[in-house]
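Written out below as structure tokens is the structure these notes cover.
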Amino acid sequence: MRSPRDFFKPLALGAPQPLADIPVRPSRMIHFFDPSNPKMAEKAPSIASRVDILLGNMEDAVAIDNKEAAREGFIRIARENDFGDTQLWTRINSLDSPWFLDDIHRIVTEVGDKIDVIMLPKIQGAWDIHYADQLLAQLEARAGIQRPILLHCILETALGVANVESIANASPRIQGMSLGPADLAASRRMKTTRIGGGHPGYLVRDDPDADNPEAPRTAHQQDLWHYTIGRMVDACVSVGALPFYGPFGAIDDPTGCEDQFRNAFLMGCVGAWSLHPSQIDIAKTVFSPPADEVLWAKRVLEALPDGSGAVMVDGKMQDDASWKQCKVMVDLAKLIADSDPALKKAYGF
Ligand SMILES: CCC(=O)SCCNC(=O)CCNC(=O)[C@H](O)C(C)(C)COP(=O)(O)OP(=O)(O)OC[C@H]1O[C@@H](n2cnc3c(N)ncnc32)[C@H](O)[C@@H]1OP(=O)(O)O
Ligand SMILES: O=CC(=O)O
Ligand SMILES: [Mg+2]
């Protein structure tokens with residue numbers, strides 16, 4: 001393990017100083033597009049104006065024959081556009097793929113000053129991060145980049161989940177993680193064929209009625225992803241990084257998508273991936289705190305001005321701990337209100 005004294009020192013001469021704190025910016029959706037697809041590439045600037053994070057994807061969902069076109073397309077889009085407050089990310093190919101080295105080298109040296117975060121797929125353990133961390137420092141130094149590029153890991157292998165805490169602690173570059181339910185299901189040999197979401201077979205059924213054993217019994221579908229999201233949230237938050245839910249593949253099921261996103265939001269995730277323009281507003285709705293909850297949280301903060309003691313608000317006891325919960329809600333609302341006038345009004349700021 002690296003000495004704690006060295007943790008925030010650059011890993012290459014001339015590389016920028018690592019950040020002590022991960023920047024917290026509106027991050028309700030990471031919108032994926034394929035830069036090798038001319039229609040999607042053309043829409044990038046208009047989509048950027050609707051999303052918190054725009055991500056040019058090079059990995060899965062980009063056909064092998066289009067890998068180089070995706071890389072070139074992304075570099076061109078990054079060079080030609082200034083997306084203002086919208087973060088620009090890329091998901092490069094995995095460390096063991098034939099494209100990784102060119103992806104990271106070309107992107108960092110040619111448009112490294114335009115991107116905020118590189119998403120790394122199929123991260124298995126801290127050793128993957130140590131490799132990418134050092135390589136990035138060398139490339140940043142070569143390109144004269146002033147601001148460190150951050151890393152976002154996809155949690156999508158059984159080994160990655162087993163090592164989630166050490167991955168989170170591996171580098172000050174760790175900006176956050178996303179759950180990758182599709183690759184994770186395959187890696188774990190789960191018997192599902194869906195991308196995220198629930199499964200009608202994963203359920204708990206009420207006991208039989210003792211007086212009427214033949215009566216129909218209600219079954220309750222369970223959340224397949226609860227355990228992994230819980231581990232990911234704790235691993236991320238314990239190092240000041242941000243957890244995200246990943247993809248929901250049923251574009252034709254906005255209700256299921258909203259439910260999956262909301263479970264993640266309630267458990268502590270800050271955002272989710274949007275794969276199709278129709279999922280952008282779902283993420284925006286779910287990951288912006290509801291106005292009634294924000295108004296309530298503001299009342300609790302007002303009732304305990306210094307955040308200590310115990311009082312009743314509308315029949316409910318409030319103390320230091322519920323004050324902190326309310327502060328989380330109000331701080332998020334303020335962050336989002338800064339860039340959303342309609343929500344600013346609804347939140348009463
Ligand atoms: C599961 C594991 C993972 O790794 S998930 C992450 C990787 N997957 C992706 O990035 C998928 C990204 N999305 C897509 O490729 C497409 O949305 C898919 C799902 C194939 C659907 O495309 P398509 O059949 O064209 O949809 P559509 O006809 O409803 O599209 C309407 C117009 O919108 C466009 N569009 C579509 N998706 C995006 C997008 N992600 N970003 C920007 N624009 C998008 C389409 O090109 C289409 O445009 P137009 O109206 O024809 O001009
Ligand atoms: O990359 C995402 C996944 O679900 O796999
Ligand atoms: Mg994946």
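We use all heavy atoms of the structure for the numbers below, so side chains are in, but hydrogens, waters and symmetry mates are not.
- Between the side chain of Thr86 and the main chain of Ser49, no donor-acceptor pair closer than 3.5 Å is present.
- More than 12 heavy atoms of other residues, nucleotides or ligands lie within 6.0 Å of NE2 in His130, so this atom counts as buried by the packing criterion.
- No donor-acceptor pair closer than 3.5 Å links the side chain of Gln318 to the backbone N or O of Trp323.
- Taking NZ from Lys122 and CG from Leu159, the interatomic distance works out to 14.0 Å, rounded to the nearest 0.5 Å.
- Of the possible polar contacts, one joining the Lys298 side chain to the Tyr347 backbone as a donor-acceptor pair under 3.5 Å is found.
- Between atom SG of residue Cys153 and atom CD1 of residue Ile123 there is a gap of 5.0 Å, rounded to the nearest 0.5 Å.
- Nearest heavy atom pair, residue Ile47 against residue Pro277, reads CD1-CG, 4.2 Å.
- For Ala250, the side-chain contact (heavy atoms from CB on, under 4.5 Å) partners two or more places apart in sequence, or in a different chain, are Phe248, Asp252, Asp253.
- Linking ILVMFWY side-chain heavy atoms closer than 4.5 Å, directly or via other members, places Met29 and Leu88 in a single hydrophobic cluster.
- A pairwise comparison of heavy atoms in Pro289 and Ile336 identifies CD-CD1, 3.9 Å as the closest pair.
- Salt-bridge formation is not detected for the pair Lys284/Asp340: no Lys NZ or Arg NE/NH1/NH2 atom is positioned less than 4.0 Å from an Asp or Glu carboxylate oxygen.
- For the atom pair CZ (Phe287) and SG (Cys269), the distance works out to 6.5 Å, reported to the nearest 0.5 Å.
- The side-chain heavy atoms of Arg25 and Asp52, taken from C-beta on, include no pair separated by under 4.5 Å.
- Counting heavy atoms of neighbouring residues, nucleotides and ligands inside a 6.0 Å radius, atom CG of Asp21 does not exceed 12 of them.
- No donor-acceptor distance shorter than 3.5 angstrom exists from the side chain of Asp34 to the backbone of Gly56, with no hydrogens or angles considered.
- Scanning for side-chain contact (heavy atoms from CB on, under 4.5 Å) contacts around Pro208 gives Arg217, with sequence neighbours left out.
- To the nearest 0.5 Å, the span separating CG on Leu304 from NZ on Lys327 amounts to 13.5 Å.
- In terms of heavy atoms, Ile30 sits closest to Trp89 at CD1-CZ3, 3.6 Å.
- Between Thr285 and Phe261 there is no side-chain heavy-atom pair separated by less than 4.5 Å.
- In this structure, Lys67 contributes its side chain and Glu59 its backbone to a donor-acceptor pair below 3.5 Å.
- Using a cutoff of 4.0 Å between basic side-chain nitrogens and carboxylate oxygens, Asp102 and Arg106 are not scored as salt-bridged.
- Contacts of Arg194 classified as side-chain contact (heavy atoms from CB on, under 4.5 Å), with partners at least two apart in sequence or in another chain: His199, Pro200.
- Counting only heavy atoms from C-beta outward, the side chains of Met58 and Phe74 approach each other to under 4.5 Å.
- A single hydrophobic cluster is not seen to contain both Val62 and Ile104; linkage of ILVMFWY side chains at heavy-atom distances under 4.5 Å, directly or through other members, places them apart.
- A salt bridge links Glu258 with Arg262: at least one charged nitrogen is closer than 4.0 Å to a carboxylate oxygen.
- Hydrophobic clustering (side-chain heavy atoms under 4.5 Å, transitive across Ile, Leu, Val, Met, Phe, Trp, Tyr) keeps Val164 apart from Val239.
- The closest side-chain heavy-atom distance from Asp183 to Ile154 is not below 4.5 Å.
- In terms of modelled atom types and a separation under 3.5 Å, the side chain of Asn81 and the main chain of Ile77 share a donor-acceptor contact.
- Between Asn93 and Pro121 the shortest heavy-atom distance is C-CG, 4.0 Å.
- To the nearest 0.5 Å, the span separating CG on Leu266 from CG on Asn263 amounts to 7.0 Å.
- Among all heavy-atom pairs drawn from Pro35 and Ala70, the shortest one is CB-O, 3.4 Å.
- Surrounding CD of Glu42 are at most 12 heavy atoms belonging to other residues, nucleotides or ligands under 6.0 Å away.
- For the pair Asn66/Asn37, no side-chain contact is recorded, criterion being any heavy-atom separation below 4.5 Å from C-beta on.
- Under the 4.5 Å side-chain contact rule for hydrophobic residues, Met267 and Met232 share a cluster.
- Scored by the side-chain contact (heavy atoms from CB on, under 4.5 Å) test, Met317 finds Ala310, Met312, Asp319 as partners (sequence neighbours excluded).
- Among residue pairs with one or both ends in residues 23-49, those qualifying as ring pair (Phe, Tyr, Trp, His ring centres under 6.0 Å) are Phe32-Trp273; sequence neighbours excluded.
- Between Leu139 and Ile149, the closest side-chain pair of non-hydrogen atoms is not below 4.5 Å.
- Judged purely by atom type and a 3.5 angstrom limit, Tyr245 uses its side chain to pair as donor or acceptor with the backbone of Pro247.
- Of the possible polar contacts, one joining the Thr109 side chain to the His105 backbone as a donor-acceptor pair under 3.5 Å is found.
- Within the 4.5 Å cutoff, side-chain heavy atoms of Pro23 are placed close to those of Leu150.
- From Ile92, atom CD1 reaches atom CG of Leu120 across 5.5 Å, with rounding to the nearest 0.5 Å.
- No chain of hydrophobic side-chain contacts below 4.5 Å, direct or via other Ile, Leu, Val, Met, Phe, Trp or Tyr residues, connects Phe7 to Leu19.
- Atom CG of Asp281 is surrounded by more than 12 heavy atoms from other residues, nucleotides or ligands within 6.0 Å.
- Using a 4.5 Å heavy-atom cutoff, the side chains of Val117 and Ile53 are not in contact.
- Residue pairs that meet the side-chain hydrogen bond (donor to acceptor under 3.5 Å, both in side chains) test with at least one member in residues 135-163, sequence neighbours left out, are Asp116-Arg147, Gln124-Thr157, Glu140-Arg173, His152-Gln175, His152-Ser178.
- In this structure a side-chain-to-backbone donor-acceptor pair under 3.5 Å is present from Asn169 to Glu165.
- In this structure, Ile167 and Ile129 approach most closely via the heavy-atom pair CG2-CG1, 4.1 Å.
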His220 and Asp206: CA distance, side-chain angles, deciding distance, side chain to side chain contact (heavy atoms under 4.5 Å, CB included) verdict: CA-CA 8 Å; His220 308 266; Asp206 285 353; 3.0 Å; yes
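- Panel note: side chain Asn57, backbone Asp60; a donor-acceptor pair is recorded below 3.5 Å.
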